[in-house]
Structure formats: C-alpha cells, structure tokens
Amino acid sequence: MAYWLMKSEPDVYGWHKLVAERRGKWDGVRNWTAARNLKSMKIGDKAFFYHSNIGKEIVGVMEIVREAYPDSSDDTGKWVMVDVKPVRPVKTPVTLAAIRADKKLKDMALVRYARLSVQPVTPAEWTHICHLAGIAA
DNA sequence: GCCAACGTTGGC
DNA sequence: GCCAACGTTGGC
C-alpha cells in the first residue's frame, strides 16, 4: 500500500465538504508530475488531505476508492482523476510550519516541491505525521 | 497583495 | 532544442 498527500484550497474544496459527500472526485489536476502520481494510485492507498492557502495543515486521512480514469472536467482527454473517501479526521492538525520545523519531515515533497498538488509520502513520514496528528497510522 | 518558485509556451 | 516571457501556485 502506498501513501500520498493531496492538496486542496479549503474554500474551493475542503475536508468538511468531502466528509459531507462521503465520497469525492479528485479532479482538476493539470500538472504532469501530479497526474503521474494519480495514475500510480491503487484502491486502498491512503492519502493525507492538506488544506493549502488557508490553514496550511493536514486535516484528515482519505482512502483511494477508484483508480485513475478520465477527468470529467477536462475537454482534452489528457488528464485523469481518482475517487476518494474520508477515513478519519486528524485529532491535531499538522501544520506546514510544524512539518518544516521537524527534522524527520524536512525532505517531504511538501517542503521541497511546494507547488506539487499530489505527492508521495514515505511510510516513515506517514507514521511520524500520524503520531503528530494524534491518530493511529 | 506581493513575490518566489517553477511549470509551460512560443519564437527563434 | 534552447531559453525568454509569461502564467500559476501558494506561502507570507
């Protein structure tokens, strides 16, 4: 099983909206590196939901429930989307500042490639962040 | 609102 | 195929 981190601006599509919907479509990705990550996802993979711009923190854990298929918001047919469902909210949000300040996390894509909206997370990073978030890994 | 980082586009 | 110009993202 692989781990990921996916970003969304909460005023556009936030954690609470995903929880309300019970299942969400992760569309609108228009970056080749992010799209490659979407295509690598398997059903059952876990992903952190990160609020960019407002909050700048990890707020929940999602699971991939449908693997990459054509993005319905894309007319060109080049891009893909996946479906996700919320698994659990974090107990304590893990902020970008906390991630930057943590030696174990400073190599995360979130820090090194700030603009990448869909990025891999290593098992060690996943476990550590779950610990900081006060939830089981 | 500004600006740094960086991806993309288009002229050559 | 290079690289300057431009656009976008996202932190501050």
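Within every chain, numbering begins at 1; the chains are lettered A, B, ... in the order of the sequence lines, protein sequences first and strands thereafter.
- Residues that satisfy the side chain to side chain contact (heavy atoms under 4.5 Å, CB included) test with A:Ser72, not counting sequence neighbours, are A:Met81.
- Checking the phosphate oxygens (OP1, OP2) of C:dG10, no side-chain nitrogen or oxygen of A:Lys56 falls inside 4.0 Å.
- Rounded to a whole Å, the NZ atom of A:Lys7 is 12 Å from the C1' atom of B:dA5.
- A:Trp32 places its CH2 atom 9 Å from the P atom of B:dT8, with the value rounded to the nearest Å.
- Residues passing the side chain to side chain contact (heavy atoms under 4.5 Å, CB included) test with A:Asp102, sequence neighbours excluded: A:Lys104, A:Leu105, A:His128, A:Leu132.
- With ring centers used as reference points, A:Trp26 lies under 6.0 Å from A:Phe49.
- Distance, A:Ile54 CD1 to B:dG1 C1': 15 Å, rounded to whole Å.
- Without hydrogens or angle criteria, A:Asp74 side chain to A:Trp79 main chain gives a donor-acceptor distance under 3.5 Å.
- In this structure, NZ in A:Lys85 is found 11.0 Å from CD1 in A:Ile64, a value given to the nearest 0.5 Å.
- Distance A:Met6 CE to C:dT9 P: 16 Å, rounded to the nearest Å.
- Looking at residues 108-117 of chain A, you'll see A:Ala114, A:Arg115 sit with a heavy atom under 4.0 Å from some atom of DNA chain C.
- In this structure, A:Arg66 is positioned above the aromatic face of A:Tyr69, its NZ or CZ under 6.0 Å from the six-membered ring centre and within 45° of the axis.
- Comparing C:dG11, B:dG7, C:dG10 by their closest approach to the side chain of A:Tyr50 singles out C:dG11.
- The phosphate of C:dC12 (OP1 or OP2) has a side-chain N or O of A:Arg100 nearer than 4.0 angstrom.
- The NE2 atom of A:His51 sits 17 Å away from the P atom of C:dT9 (whole-angstrom rounding).
- When each of A:Arg30 and A:Asn53 is assigned the nucleotide of DNA chain B bearing its nearest heavy atom, the one mapping closer to the 5' terminus is A:Asn53.
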